[in-house]
Every structure is written in C-alpha cells, then in structure tokens.
Amino acid sequence: MRKLAAGNWKMNGLTAALTEIVALCRAHPAPACDMLICPPATLVAQVAAVAQGTGLALGGQDCHSAASGAHTGDVSAAMLKDAGASYVIVGHSERRTDHGETDAVVLAKASAAQAAGLVPIVCLGETEVERDAGETLNVIGRQLTGSVPDTSTADTLVIAYEPVWAIGTGRTPSLQEIAEVHAFLRQRLTARLGTEAAGVRLLYGGSVKPSNAAEIFALPHVDGALVGGASLKAADFGAIVAALSAA
Ligand code: PEP
C-alpha cells in the first residue's frame, strides 16, 4: 500500500499561494508516499497546471451528490475531475457542522465521487463531548456505517479519522487512542468489505505537524495523514511528507 499525505487548504489560498506548490514539488519530486493537496475549488485547475508532471495529486474539499443541475454555488465531482482532481474530501467535520451534512448526505457525496472516478476521503470523528462520554467508538462506527459506500474497494476509498476537538487546536489524542480507533476502523471495514479492507488507507487528521508526524505514522493502521494548517506551507507539509516516506 502506498501511504498518503493529504493537505486540506480549507478556505485559504489565492493565486500567490501557487509558489508553495512549486516549492513543494521541487523539494519532493518523487516522494515515497502519495502526496495530495486539496486547495479551494478556485485553485484546482491552476494547481493542476503547476503540478503537471510532478508527483503531486490534486483533490477537492467537497462535492455535490448530483452530477450536474440547479445547485447554485456547488461543485460536482465531475467538475473537480475535469479540473484535474483525483480525490475529494467528503464529510469533513466543518462541512458536517457548518452545513448540517448527515451521514446520508456524506454517503451520497462519496458515491457520486466514486461514480465520477474520484477517490473520496471520507472523514469521521467524535466531538470532545462524545469522547468524554466514552462514545468515541460508537460514533465512529455509526459514521462509518452511514457514510461509506458498500461497493468501495482499496482503490476507491480513503478514510480519515479526525477527532473534531483536535482539528486546528494543537491538541491530539494520545498515540494509544489513535491506534485504538484505527484498529477499530480496520476491523469494521474488514467486516464490511472483506479482503479489500486491508488496502484501504486510514489517515489520521487533527493537528498533525512536523514535530508529531513520525510518532503518529509509526502506529499500526495509520496509513497517512489529512493535514490542515501545516499543509499551507511547503516546508511544513514537505517535512510531513518526508516523515511518512520514512515510516
Ligand atoms: C483538517 O482540517 O482536516 C485538519 C486536520 O486540520 P489541522 O491539521 O489544522 O488540525
């Protein structure tokens, strides 16, 4: 399995930020892991042009569940693919919170992505209240059941475990807690997808940075990271790519 370092730029990045893409690709021309940036939709085509011929893959941050139609302001999976994307994040906690996305909505988006030939990165994660109540595995299990298409294979699905309280806060679960959730995810996926589950990449996300990346990547069933803040600067994201390549 090739591991995956995925950067989520969220609602950050104007044309000037393309210099970070150039620097990242120069510093990591042939990384030993897959390297992905999900810029805002406005930059996907430009980043694809800059990244052409390099080892950098492109992704969207969300897609609509419909292939086209009267959905003002939305972007379809086919549009992202047309602009040069090969992945799309779905069900990020900021979408679940800001836009009320349910598991059913996330499932529809993941299915639309797969139908369009994009690999969905399906995000799951508990809130702090849920963790404190001892509900983490119940929440993750429910989200996994409700958000992941049944027909997924190792090549058409990536899962990102992102505790909501760890996103952008500088806080992370303990290594043991991360390992426990990832082992649970692998076990649940195996029950669902059979042997394909062994090849589905399970990313950890939530305040990953150069200083903690190596210890997280050393954990079993951690096959990469979904990185927010630290993906905006080529030097920081490059250090995470290097840590994953060495893991
Ligand atoms: C994210 O947005 O998916 C994320 C993990 O953010 P950060 O790395 O900034 O915590």
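- Taken from CD1 in Ile240 to CD1 in Ile216, the straight-line distance is 9.0 Å, to the nearest 0.5 Å.
- Between atom OG1 of residue Thr172 and atom CD1 of residue Ile167 there is a gap of 12.5 Å, rounded to the nearest 0.5 Å.
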Pair Lys3-Phe217, side-chain contact (heavy atoms from CB on, under 4.5 Å): steps then yes or no: CA-CA 10 Å; Lys3 296 184 176 175; Phe217 295 152; over 6 Å; no
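- With His99 contributing its side chain and Glu101 its backbone, the two residues share no donor-acceptor pair below 3.5 Å.
- Ser68 is not listed as a side-chain neighbour of Ser76, based on a closest heavy-atom distance of 4.5 Å or more.
- Put simply, Tyr204 and Met1 are part of two different groups of oily side chains (I, L, V, M, F, W, Y) that touch within less than 4.5 Å, one to the next.
- The CD1 atom of Ile159 sits 10.0 Å away from atom NE2 of His182, with the distance rounded to the nearest 0.5 Å.
- Rounding to the nearest 0.5 Å gives a distance of 11.5 Å between CD of Gln52 and SG of Cys25.
- Glu135 and Asn138 form a side-chain donor-acceptor contact under 3.5 Å, judged by distance and modelled atom types alone.
- Residues Ala234 and Ala23 come closest through the heavy atom pair CB-CB, 3.8 Å.
- For the atom pair CG of Asn8 and SG of Cys38, the computed distance is 6.0 Å after rounding to the nearest 0.5 Å.
- In this model, a donor atom of one side chain and an acceptor atom of the other lie less than 3.5 Å apart for Gln114 and Ser152.
- Grouped by direct or indirect side-chain proximity (heavy atoms under 4.5 Å, Ile/Leu/Val/Met/Phe/Trp/Tyr only), Val158 sits with Leu4, Leu36, Tyr87, Ile89, Val119, Ile121, Leu203, Leu226.
- Side-chain atoms of Ser207 come within 3.5 Å of backbone N or O of Ala166 as a donor-acceptor pair.
- Between Arg142 and Glu126, none of the side-chain N atoms (NZ, or NE/NH1/NH2) sits under 4.0 Å from a carboxylate O, so this pair counts as no salt bridge.
- Ala85 and Gly60 make their closest contact through CB-N, 4.2 Å (heavy atoms, listed as atom of the first residue, atom of the second, distance).
- Using a 4.0 Å cut-off between a side-chain N of Lys or Arg and a carboxylate O of Asp or Glu, Asp150 and Arg192 qualify as a salt bridge.
- Interatomic distance, OG1 of Thr42 versus CG of Leu14, reported as 8.0 Å (0.5 Å rounding).
- Both Leu185 and Ile178 belong to a single network of hydrophobic side chains, linked directly or stepwise wherever heavy atoms of I, L, V, M, F, W or Y lie under 4.5 Å apart.
- A salt bridge is defined here as a Lys NZ or Arg NE, NH1 or NH2 lying under 4.0 Å from an Asp or Glu carboxylate O, and Asp223 with Arg186 meets this definition.
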